[in-house]
Enquirer: 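Input: one structure, supplied below.
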Protein chains: 2
Amino acid sequence: MMQQRDTLSTTFAALADPTRRAILARLAAGEASVTELAAPFSISLPAITKHLKVLEGAGLIRRGRQAQWRPCTLDAQPLRDVADWVQQYRKFWDHNFDRLEEYLREMHPQEKKS
Amino acid sequence: MMQQRDTLSTTFAALADPTRRAILARLAAGEASVTELAAPFSISLPAITKHLKVLEGAGLIRRGRQAQWRPCTLDAQPLRDVADWVQQYRKFWDHNFDRLEEYLREMHPQEKKS
DNA sequence: CGTCTATTTTACCTTTAGGTTAATTAAAAA
DNA sequence: TTTTTAATTAACCTAAAGGTAAAATAGACG
């Protein structure tokens with residue numbers, strides 16, 4: 001019933017699976033092929049392919065071509081949006097939030113927050 | 001096929017819906033009843049009840065009782081876990097990450113990261 | 001060409017997510 | 001006690017998520 005999801009929903013949905021988060025963690029260490037990414041898991045290769053499509057659809061990975069391999073690389077940009085979103089709520093758990101925010105304003109005066 | 005999800009997966013799944021994120025945003029402004037939370041949306045009350053159960057299951061809200069009302073309040077603790085998780089990837093988008101991390105060490109030497 | 005390796009597509013299955021309407025519970029209030 | 005307001009439960013529907021096995025595609029290589 002939600003045919004065209006907003007970006008943040010797509011990102012969160014992609015992150016809501018431990019296999020996919022493990023794939024991202026692996027890619028943080030560098031490029032990897034589908035078979036390499038599949039190795040730690042007990043699920044089938046087509047299942048991995050599907051997970052990779054979800055991650056690609058969320059813009060969290062990019063895919064290349066080298067012969068018959070499809071090397072995957074991490075793209076953390078959507079994670080930045082997640083960080084920006086969640087940091088709105090920081091004041092609800094961190095009482096030192098105001099000091100941190102002040103620091104960020106001083107440190108990166110050019111980076112405007114929405 | 002995933003009968004008992006890990007905490008982070010449950011949290012991300014709860015956040016993967018715009019209605020639920022809007023409910024959290026509303027609760028950031030303070031306690032609200034179910035009817036109040038439902039007001040901005042065009043979906044039925046039972047649907048809201050379900051969303052609230054998902055949020056409660058993820059530990060993102062708590063529910064009280066006042067007469068026939070069930071006031072909801074925000075609990076941002078799981079969002080802290082999200083922030084901790086996503087910040088692992090900060091170096092992939094933020095080149096000033098190292099400086100920020102250093103600052104955090106100086107500012108909050110008592111707060112250890114996992 | 002035929003074959004091996006890497007990956008995807010197809011077709012299918014089962015469970016879950018998100019929604020509905022109608023009925024029910026709970027508490028206040030007339 | 002009956003009614004009104006607030007919210008949930010029950011029963012149901014449809015679509016999407018996550019998985020499978022088997023077949024198909026793509027490219028390297030003997």
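Reminder, nothing fancy here: chain letters follow the sequence lines and each chain counts from 1. These figures come from a predicted structure and were not determined experimentally.
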Enquirer: Assess whether side-chain contact (heavy atoms from CB on, under 4.5 Å) is satisfied between B/Leu55 and B/Leu27, documenting all intermediate values.
Expert: CA-CA 12 Å; B/Leu55 290 170; B/Leu27 291 177; 5.8 Å; no
Enquirer: Return the nearest nucleotide to the side chain of B/Lys50; candidates are D/dG18, D/dT9, C/dG19.
Expert: C/dG19
Enquirer: Report which part of the nucleic acid A/Ser33 touches: base, sugar-phosphate, or nothing (heavy-atom distance under 4.0 Å, all strands).
Expert: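 A/Ser33: backbone/sugar contact only, no base atoms under 4.0 Å.
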Enquirer: Take B/Glu31 and B/Leu74 through the side-chain contact (heavy atoms from CB on, under 4.5 Å) test and state the conclusion after the steps.
Expert: CA-CA 7 Å; B/Glu31 181 176 287; B/Leu74 181 66; over 6 Å; no
Enquirer: Working to the nearest 0.5 angstrom, can you tell me the gap between A/Thr19 OG1 and A/Lys50 NZ?
Expert: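 Separation between the atoms: 13.5 Å.
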Enquirer: Can you tell me how far P of C/dA17 sits from CG of B/Leu52, to the nearest Å?
Expert: 16 Å
Enquirer: Take the protein atom CG of A/Leu37 and the nucleotide atom P of C/dA6, then report the distance between them rounded to whole Å.
Expert: 14 Å
Enquirer: Report the C-alpha separation of B/Leu79 and A/Arg90 in whole Å, then their side-chain angles, then the decisive distance to 0.1 Å, and conclude whether the side-chain contact (heavy atoms from CB on, under 4.5 Å) test is met.
Expert: CA-CA 8 Å; B/Leu79 296 182; A/Arg90 192 177 182 100; over 6 Å; no
Enquirer: B/Phe41 CZ to C/dG19 P: how many Å, rounded?
Expert: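 It works out to 10 Å between those atoms.
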Enquirer: Specify the separation, in whole Å, of atom CD1 of B/Ile48 and atom C1' of C/dA17.
Expert: 15 Å
Enquirer: Could you state the atom-to-atom distance from NZ of A/Lys53 to P of D/dA17 in whole Å?
Expert: 13 Å
Enquirer: In whole Å, what is the span from the CD1 atom of A/Ile43 to the C1' atom of D/dA17?
Expert: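 Checked: the CD1 to C1' distance equals 12 Å.
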Enquirer: For A/Arg62, check side chain to side chain contact (heavy atoms under 4.5 Å, CB included) against everything at least two apart and list the hits.
Expert: A/Thr73, A/Asp75
Enquirer: In whole angstrom, give the distance that lies between atom CG of B/Leu55 and atom P of C/dA17.
Expert: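 Value for this atom pair: 13 Å.
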Enquirer: OP1 or OP2 of C/dA17 less than 4.0 angstrom from a side-chain nitrogen or oxygen of B/His51, does that happen here?
Expert: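 Answer is no, no contact under 4.0 Å.
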Enquirer: Nearest whole Å is fine: how far is D/dA17 C1' from A/Phe12 CZ?
Expert: 19 Å
Enquirer: Which residue in the set B/Leu24, B/Leu60, B/Leu52 passes side-chain contact (heavy atoms from CB on, under 4.5 Å) when paired with B/Cys72?
Expert: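 Single pass found, and it is B/Leu52.
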Enquirer: Using a 4.0 Å heavy-atom cut-off to protein, can you give one letter per nucleotide of nucleotides 21-30 of chain C, 5' to 3': B if the base is in contact, S if only the sugar-phosphate is, - if neither?
Expert: BB----SS--
Enquirer: Taking B/Glu36 for its side chain and B/Ser33 for its backbone only, find out whether a donor-acceptor pair lies under 3.5 Å.
Expert: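 Yes.
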Enquirer: Give a yes/no on whether any side-chain N or O of A/Arg5 is located under 4.0 angstrom from OP1 or OP2 of C/dG18.
Expert: no
